[in-house]
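Nothing here was measured: the structure is a model prediction, and the numbers come from that model. FYI, the numbering just counts along the sequence from 1.
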Amino acid sequence: HDETHAVIYDYSAPALALRKMMAEEWNGENYGAFFQQAKQRIEAMFPGRVTFLPETITKDAAAVEKEFQREIATGFANTKQWLAHWRRFKKLRHTYVEVDVLQEHGKLKAMIDHNARGHCVLWFSDMFNSPNAVGKFKLDRRKTAYNVIRDTLAARTESYLILGGAPSLW
């Protein structure tokens with residue numbers, strides 16, 4: 001609804017910069033061209049700190065657009081439906097938070113404490129069970145981060161929905 005507050009979080013400042021550019025500047029069409037322009041700006045903002053992967057896709061606007069169209073086709077019936085969604089999303093209030101969920105548990109709790117109200121949805125995909133997370137962090141650390149999310153949402157909201165898998169052994 002119109003009063004929704006979208007809190008976008010990531011451990012990567014360049015990724016947050018891209019998301020902010022998207023919400024503030026992109027009209028929802030021709031993502032490949034938008035991305036190529038944004039990519040140059042992000043590289044200038046974070047010299048030597050950014051790698052765009054996979055390079056076979058991210059170096060070419062047409063390849064980026066093809067991948068983007070494939071992605072939106074998994075969640076939207078057509079481009080018109082996608083654009084309606086994007087236009088609604090752009091109108092929402094947005095906050096961007098740089099936080100490493102797996103390492104900065106205090107900052108994670110503070111982010112949720114500060115932003116979670118009413119009915120809340122938190123999406124983290126496969127963050128706790130990705131090969132990167134499993135390879136770098138013990139199960140206990142991943143569980144602690146998940147519990148911070150779950151417990152803080154439970155304390156701060158009327159209801160919450162977590163989208164993504166809880167930490168587990170492979």
If I compare all heavy atoms of [X] with all of [Y], which pair ends up nearest, and what's the gap?
X: Glu98; Y: Ala13; answer: OE1-CB, 3.5 Å
X: Lys90; Y: Ala23; answer: NZ-O, 3.0 Å
X: Leu108; Y: Ala145; answer: CD2-O, 3.7 Å
X: Val97; Y: Val7; answer: CG2-CG1, 4.0 Å
X: Ala33; Y: Ala61; answer: N-CB, 4.2 Å

Which distance, rounded to the nearest 0.5 Å, do you find between the [atom1] of [X] and the [atom2] of [Y]?
X: Thr4; Y: His94; atom1: OG1; atom2: NE2; answer: 10.0 Å
X: Leu169; Y: Asn129; atom1: CG; atom2: CG; answer: 9.0 Å
X: Arg117; Y: Thr157; atom1: CZ; atom2: OG1; answer: 10.0 Å
X: Lys107; Y: His114; atom1: NZ; atom2: NE2; answer: 13.0 Å
X: Leu102; Y: Arg141; atom1: CG; atom2: CZ; answer: 8.0 Å
X: Gln103; Y: Phe137; atom1: CD; atom2: CZ; answer: 4.0 Å

Student check: side-chain heavy atoms of [X] and [Y] closer than 4.5 Å:
X: Phe34; Y: Glu29; result: no
X: Ile42; Y: Lys39; result: no
X: Arg49; Y: Pro14; result: yes
X: Arg87; Y: Asn27; result: no

Quick check: are there more than 12 heavy atoms from other residues, nucleotides or ligands sitting under 6.0 Å from [atom1] of [X]?
X: Asp2; atom1: CG; value: no
X: His85; atom1: NE2; value: yes
X: Arg150; atom1: CZ; value: yes
X: Lys20; atom1: NZ; value: no

Path from [X] to [Y] over hydrophobic side-chain contacts below 4.5 Å:
X: Leu92; Y: Met22; answer: yes
X: Leu18; Y: Val50; answer: yes
X: Met111; Y: Leu16; answer: no
X: Trp123; Y: Ile162; answer: no
X: Leu153; Y: Phe128; answer: yes

Problem set entry | Sidechain-backbone polar pair: Thr152 side chain, Lys109 backbone, donor-acceptor under 3.5 Å |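 Between the backbone of Lys109 and the side chain of Thr152 there is no qualifying donor-acceptor contact (under 3.5 Å).
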What about the rings of [X] and [Y], do their centers lie closer together than 6.0 Å?
X: Trp82; Y: Tyr31; result: no
X: Phe35; Y: Phe68; result: no
X: His119; Y: Tyr160; result: no
X: Trp26; Y: Phe89; result: no

Exercise. Charged N to carboxylate O below 4.0 Å: is that the case for Arg41 and Glu25?
Worked result: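 Answer for the salt bridge query: yes.
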Exercise. Can Glu24 and Lys91 be counted as an ion pair, charged N to O under 4.0 angstrom?
Worked result: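 Lys91 and Glu24: not salt-bridged.
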For this session: Please determine which of Glu71, Lys66, Glu65 meets the side chain to side chain donor-acceptor pair (under 3.5 Å) test together with Gln69.
Result: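 Checked Glu71, Lys66, Glu65 against Gln69; only one passes side chain to side chain donor-acceptor pair (under 3.5 Å): Glu65.
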Distance only, no hydrogens: is a donor on one side chain within 3.5 Å (strictly under) of an acceptor on the other, for [X] and [Y]?
X: Thr95; Y: His5; result: yes
X: Asn115; Y: Arg156; result: no
X: Gln40; Y: Gln36; result: no

For this session: Mind running side-chain contact (heavy atoms from CB on, under 4.5 Å) on Val64 and Glu67 for me, showing each step along the way?
Result: CA-CA 5 Å; Val64 170; Glu67 180 64 17; 5.9 Å; no
Exercise. Testing Ile149, Leu163, Val101 for side chain to side chain contact (heavy atoms under 4.5 Å, CB included) with Phe124, which one passes?
Worked result: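 When Ile149, Leu163, Val101 are each tested with Phe124, the side chain to side chain contact (heavy atoms under 4.5 Å, CB included) holds only for Ile149.
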